[in-house]
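Presented below is the structure to which this report refers.
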Amino acid sequence: MPIYLDNNATTRTDPAVVAAMLPFFTEQFGNASSAHAFGSEVAGALRQARRALQGLIGAAAEPEIVFTSGGTEAINTAILSALAVQDGREEVVTTCVEHPAVLTLLDHLEATRGLRIHRIGVDHEGRLDIDAYRRALGPRTALASVMWANNETGTLFPVVALAEMAHTVGALFHTDAVQAAGRIPIDLRATRIDMLSLSGHKLHGPKGIGALYLRKGTPFSPLIRGGPQERRRRGGTENVPAIVGLGKAAELAAAHLAHPHGAVGDLRDRLEQGVLQQCGGCTPLGDIAHRLPNTSNIAFEAIEGEAILHHLNRAGIAASLGSACASGSMEPSHVLRAMKVPPRALRGAIRLSLSRETTADEIDQVLGVLPAIIDHLRASPPS
Ligand code: PLP
């Protein structure tokens, strides 16, 4: 059986999620806006999905969840909304290590609208320069947007404190929680986070569905205008099967977080410790004490990450480059470059990302294979 250790790229849709979705392709095909039984059944299913998401992230009242086509749309909606409602404020504070869903949009806004973007740096372990963040905030800041967890290293950011700081200057605060939601407990009630983005396919739900949490009372301007769906916050007939799937995925993730059967973090640590003990010349990257429990990014010196992945793939093990190259370029990722990982380690970084489905047996199998691959590649360096 192949072993899948690339859960930060996407996760397997849980069979219970698929089962929950299926009736909404067949018998329950109604439009939630219709004033007959077909419609009201579907409207009830959407309400249930919204409640499940509220439960997962500790959101208070129903209007706080807006369903979107995924994490990227939720993020674009949050950023553009904050700029639209904060008239006269033309600055955004973010980090150098955000996902392209944030950075590409902000680059575009900087180039086309002349907005001032403050991209705050990180240290060698990927930790945010908090003083620089505080200094960048000011009366012209419309929004601060900081990810909850980094997709490449799993490093967690202190978003609850960062949101408090943003509010001291009257800015809104958004967090990209695409990698964090469903993997670590989140309770927004006691925080001042105004907006949070998440995505179905990172938490064993379907692809092409996500949600934007919008704290009650947060001023809002929709990205997609059309019909009155989502209380006029996102026009367009709802993708009902996917929303139901996301709701079921949220319910399963919340149950797993409340009663974990076998801690993902223990398996990740067993894998990482095993690799570090058996292979010399390698270092785990990121903030080791504060990171997602499922992620290990390990830099192997003097080997190409591509070669490791190739051999792992031949052994039936799926992982990814620790330093995901931007598409079409061989440039190492902006995240590890921001962390100033030395070039000889940068090229040999691989990311192993587990899920609640990963088993101890799979970890042992990887430990049975990976050290031999590393020995082999070190013994036969590229010509
Ligand atoms: N933000 C982070 C941190 C991600 O890892 C991803 C996906 O890889 C996204 C945003 C984009 O989410 P989606 O694929 O649902 O558009």
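When a ligand or atom number is given, it counts from 1 through the structure's own listing order. These numbers come from the heavy atoms of this one structure, side chains and all, not from hydrogens, waters or symmetry mates.
Classification of Glu90 and Arg113 as a salt-bridged pair fails, no side-chain N sitting under 4.0 Å from a carboxylate O. Salt-bridge check for Lys248 with Glu251: passed, with a basic side-chain N closer than 4.0 Å to an acidic carboxylate O.
Residue Leu83 is not grouped with residue Leu103 when hydrophobic side chains (ILVMFWY) are merged at heavy-atom distances under 4.5 angstrom, including chains of intermediate members.
Residue contacts with ligand 1 for Thr72 involve both N, CA, C or O and side-chain atoms from C-beta outward (heavy atoms, distance under 4.0 Å). Only the side chain of Lys202 comes within contact range of ligand 1, with a heavy atom under 4.0 Å; no backbone atom does. For Asn150, no heavy-atom contact with ligand 1 is shorter than 4.0 Å. The proximity of Glu73 to ligand 1, defined as any non-hydrogen pair under 4.0 Å, does not occur for either the backbone or the side chain.
No donor-acceptor pair closer than 3.5 Å links the side chain of Ser34 to the backbone N or O of Gly39.
Summary of contacts: the protein heavy atom closest to atom 14 (O) of ligand 1 is His201 NE2, 3.0 Å. Given atom 1 (N) of ligand 1, the protein heavy atom at minimum distance is Asp176 OD2, 2.7 Å. For atom 13 (P) of ligand 1, the nearest non-hydrogen atom of the protein is Gly71 N, 3.6 Å. What sits closest to atom 4 (C) of ligand 1 on the protein, heavy atoms only, is His99 CD2, 3.2 Å. Scanning the protein heavy atoms around atom 5 (O) of ligand 1, the nearest turns out to be Gln179 NE2, 2.8 Å.
Using a 4.5 Å heavy-atom cutoff, the side chains of Ser145 and Asp176 are not in contact. The shortest distance between side-chain heavy atoms of Trp148 and Ile193 falls below 4.5 Å.
Annotation for ligand 1: atoms under 4.0 Å from non-hydrogen atoms of Gly70 are 15 (O). Residue Ser199 approaches ligand 1 through these ligand atoms, each under 4.0 Å from one of its heavy atoms: 13 (P), 15 (O). Taking every non-hydrogen atom of Asn151 and a distance limit under 4.0 Å, the qualifying atoms of ligand 1 come out as 3 (C), 5 (O). Close approach to Ile75 involves these atoms of ligand 1, each under 4.0 Å from a residue heavy atom: 10 (C).
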**OP:** Go through the steps for His118 and Tyr133 under the test side chain to side chain contact (heavy atoms under 4.5 Å, CB included), then give the verdict.
**Re:** CA-CA 8 Å; His118 301 263; Tyr133 172 85; over 6 Å; no
Original post:
Does the pair His310 and Asn313 meet the rule for a side chain to side chain donor-acceptor pair (under 3.5 Å), with working shown?
Top reply: CA-CA 5 Å; His310 172 73; Asn313 190 35; 5.9 Å; no
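Checked against the 6.0 Å centroid criterion, the rings of Phe29 and Phe38 qualify as a close aromatic pair.
In terms of polar-atom proximity, Asn8 is not counted as a contact of ligand 1, lacking any N or O under 3.5 Å from an N or O of the ligand.
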